[in-house]
Number of protein chains: 2
Amino acid sequence: MNSKVSMIEDILRGKNFKLTSSRKEIIRIFLGSDKHLKPEDVYELVKAKGISLPTVYRTIDILKRNQIIEEISIGKHRYYELKIFSGKKLHIHFKCDVCGEIFDIDDQKLVMDLIDITSNVESEYKVEVEDLLMVLHGVCEKCKNKTII
Amino acid sequence: MNSKVSMIEDILRGKNFKLTSSRKEIIRIFLGSDKHLKPEDVYELVKAKGISLPTVYRTIDILKRNQIIEEISIGKHRYYELKIFSGKKLHIHFKCDVCGEIFDIDDQKLVMDLIDITSNVESEYKVEVEDLLMVLHGVCEKCKNKTII
DNA sequence: CTTGATGCAAAGGATTTGCACAAAT
DNA sequence: ATTTGTGCAAATCCTTTGCATCAAG
């Protein structure tokens with residue numbers, strides 16, 4: 001993970017951002033988590049280190065603008081997850097409406113189907129597609145089983 | 001449109017909601033618009049009639065819970081569009097990042113592709129998919145042409 | 001009449017900003 | 001030394017709520 005940290009640090013240094021300890025810490029949070037985090041979640045994880053909520057928001061903003069993390073809006077909340085290094089350039093988010101958990105759905109066939117769909121849309125509607133957000137809602141495996149029992 | 005108005009009114013009456021003039025007016029707004037409207041947009045269209053912003057929010061909430069309108073979260077905003085009568089049970093939203101306009105992309109092949117994807121996800125991931133949101137971002141035809149000139 | 005809806009003002013929650021101070025380069 | 005980042009408090013924006021009053025059934 002340290003090499004990933006320094007790659008991200010290099011990106012930010014290249015844009016004249018200063019590498020403060022707050023920023024390094026928040027970068028580590030995203031590198032070390034496979035979850036979709038809300039700003040408040042990040043804050044909970046770093047406030048013990050004296051990092052303030054505005055700094056969390058400001059850092060998230062920088063990471064987002066530099067394609068290091070990705071923003072996903074679901075309902076009234078905004079979530080962030082690592083984008084760089086994730087390998088999943090295109091993937092679907094699944095939100096369980098029972099437990100609230102969000103996880104990524106990511107397989108090759110699906111990515112190809114999505115690419116097909118977007119290129120169809122581009123030619124049929126004469127638009128240029130630059131990004132794509134897909135969120136499925138439903139019941140996850142765990143919660144399905146709980147209901148049955 | 002009047003028959004549609006009364007169909008919606010029947011649905012609400014059936015659930016013991018009172019059909020106030022405010023609610024009728026807001027229903028007409030959604031029936032008469034093909035746009036994705038934010039609460040504030042609706043308010044702008046009805047405030048001249050003395051309808052308050054809280055009433056807009058409360059009415060939108062009722063219409064949403066009763067599947068008459070659909071909620072779409074994009075970025076920091078929530079938009080609403082008519083769902084009942086729309087015919088498009090499953091469709092893609094396209095947001096132009098240049099002009100900000102949102103429109104629906106809706107064709108048969110696409111719907112079938114999306115159904116395919118969701119049933120694949122259901123069997124591969126053992127989840128139950130109940131709803132789906134897909135938003136494409138990019139540049140719409142109009143804005144593409146403006147850029148060229 | 002009785003219940004539910006409305007406007008107003010105020011409260012909430014999430015996010016952003018101004019500013020004086022602190023840390024990084 | 002200079003620039004940029006930070007915490008704090010306050011401001012903003014969007015949305016919701018309490019309550020006295022009003023309208024629909």
Side-chain angles (χ1 to χ4, degrees), chain A residues 5-6 8-29 36-66 68-80 100 102, chain B residues 5-6 8-29 36-66 68-80 100 102:
Chain A
V5 172
S6 43
I8 293 175
E9 289 182 0
D10 286 346
I11 293 171
L12 297 183
R13 238 190 304 269
K15 305 218 174 179
N16 292 320
F17 290 108
K18 288 183 176 171
L19 288 174
T20 63
S21 59
S22 303
R23 288 181 180 166
K24 288 180 187 174
E25 184 57 30
I26 294 170
I27 290 168
R28 268 184 237 116
I29 296 292
H36 292 66
L37 301 170
K38 296 195 283 286
E40 193 63 37
D41 301 329
V42 175
Y43 177 58
E44 285 304 312
L45 295 168
V46 301
K47 71 177 178 190
K49 303 222 159 75
I51 299 175
S52 71
L53 191 50
T55 290
V56 169
Y57 274 102
R58 289 187 267 229
T59 304
I60 283 178
D61 193 53
I62 290 171
L63 297 178
K64 184 178 68 171
R65 288 172 188 282
N66 288 283
I68 292 157
I69 58 174
E70 182 189 359
E71 179 186 85
I72 308 106
S73 291
I74 303 183
K76 59 180 69 175
H77 298 290
R78 277 184 272 176
Y79 300 85
Y80 299 89
I102 300 172
Chain B
V5 172
S6 42
I8 293 174
E9 290 182 0
D10 287 346
I11 293 172
L12 297 183
R13 238 190 304 269
K15 308 220 174 175
N16 291 322
F17 289 109
K18 290 183 176 171
L19 288 174
T20 62
S21 58
S22 302
R23 290 183 180 165
K24 289 180 187 173
E25 184 57 30
I26 293 170
I27 290 169
R28 266 183 238 115
I29 295 293
H36 292 64
L37 301 171
K38 295 195 282 286
E40 193 63 36
D41 301 329
V42 175
Y43 177 58
E44 284 303 313
L45 295 168
V46 302
K47 71 176 179 193
K49 302 220 159 76
I51 300 175
S52 72
L53 190 51
T55 290
V56 169
Y57 274 102
R58 290 188 266 229
T59 304
I60 283 178
D61 194 52
I62 291 172
L63 297 178
K64 183 177 69 170
R65 288 173 189 281
N66 288 283
I68 292 156
I69 59 174
E70 182 188 359
E71 180 185 87
I72 307 105
S73 292
I74 304 183
K76 60 178 70 175
H77 298 291
R78 278 186 272 177
Y79 300 85
Y80 300 88
I102 300 173

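Atom set for the values below is all heavy atoms of this structure, side chains included, hydrogens, waters and symmetry mates excluded. Computed from a predicted model, the values in this text were never measured in an experiment. Throughout, a chain's letter reflects where its sequence line sits, starting with A, and its residues are numbered from 1.
- Atom CD of Glu40(A) is separated from atom P of dT16(C) by 14 Å (rounded to the nearest Å).
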If the sugar-phosphate is the primed atoms plus P, OP1 and OP2 and the base is the rest, what is the B/S/- string for nucleotides 16-25 of chain D, using protein heavy atoms under 4.0 Å? BBB----BBS
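- Evaluated for a side-chain contact (heavy atoms from CB on, under 4.5 Å) with Lys24(B), the options Ile8(B), Ile29(B), Val5(B), Leu19(B) yield exactly one hit, Leu19(B).
- In this structure, His77(A) atom NE2 and dT15(C) atom P are separated by 9 Å, rounded to whole Å.
- Per the geometry, CG belonging to Asp41(B) stands 11 Å off P belonging to dT15(D), to the nearest Å.
- Taking atom NZ of residue Lys38(A) and atom P of nucleotide dT15(C), one finds them 10 Å apart after rounding to whole Å.
- The distance between atom CD of Glu25(B) and atom P of dA5(C), rounded to the nearest whole Å, is 18 Å.
- Regarding Lys49(A), its NZ atom lies at a distance of 15 Å from the P atom of dT6(D), rounded to whole Å.
- Residues Leu37(B) and Tyr79(B) are not in side-chain contact: their nearest non-hydrogen atoms beyond the backbone lie 4.5 Å or more apart.
- Thr55(B) has a side-chain polar atom (N or O) that falls below the 4.0 Å cut-off from OP1 or OP2 of dG7(C).
- Put simply, CG on Asn16(A) is 21 Å from P on dA23(C), counting in whole angstrom units.
- Side-chain proximity of Ser52(A) to the nucleotides dG7(D), dT15(C), dG5(D) is greatest for dG7(D).
- Note: CZ (Arg23(A)) to P (dT25(C)) measures 10 Å, nearest angstrom.
- Remark: Asp10(A) engages Arg13(A) in a salt bridge, criterion side-chain N to carboxylate O under 4.0 Å.
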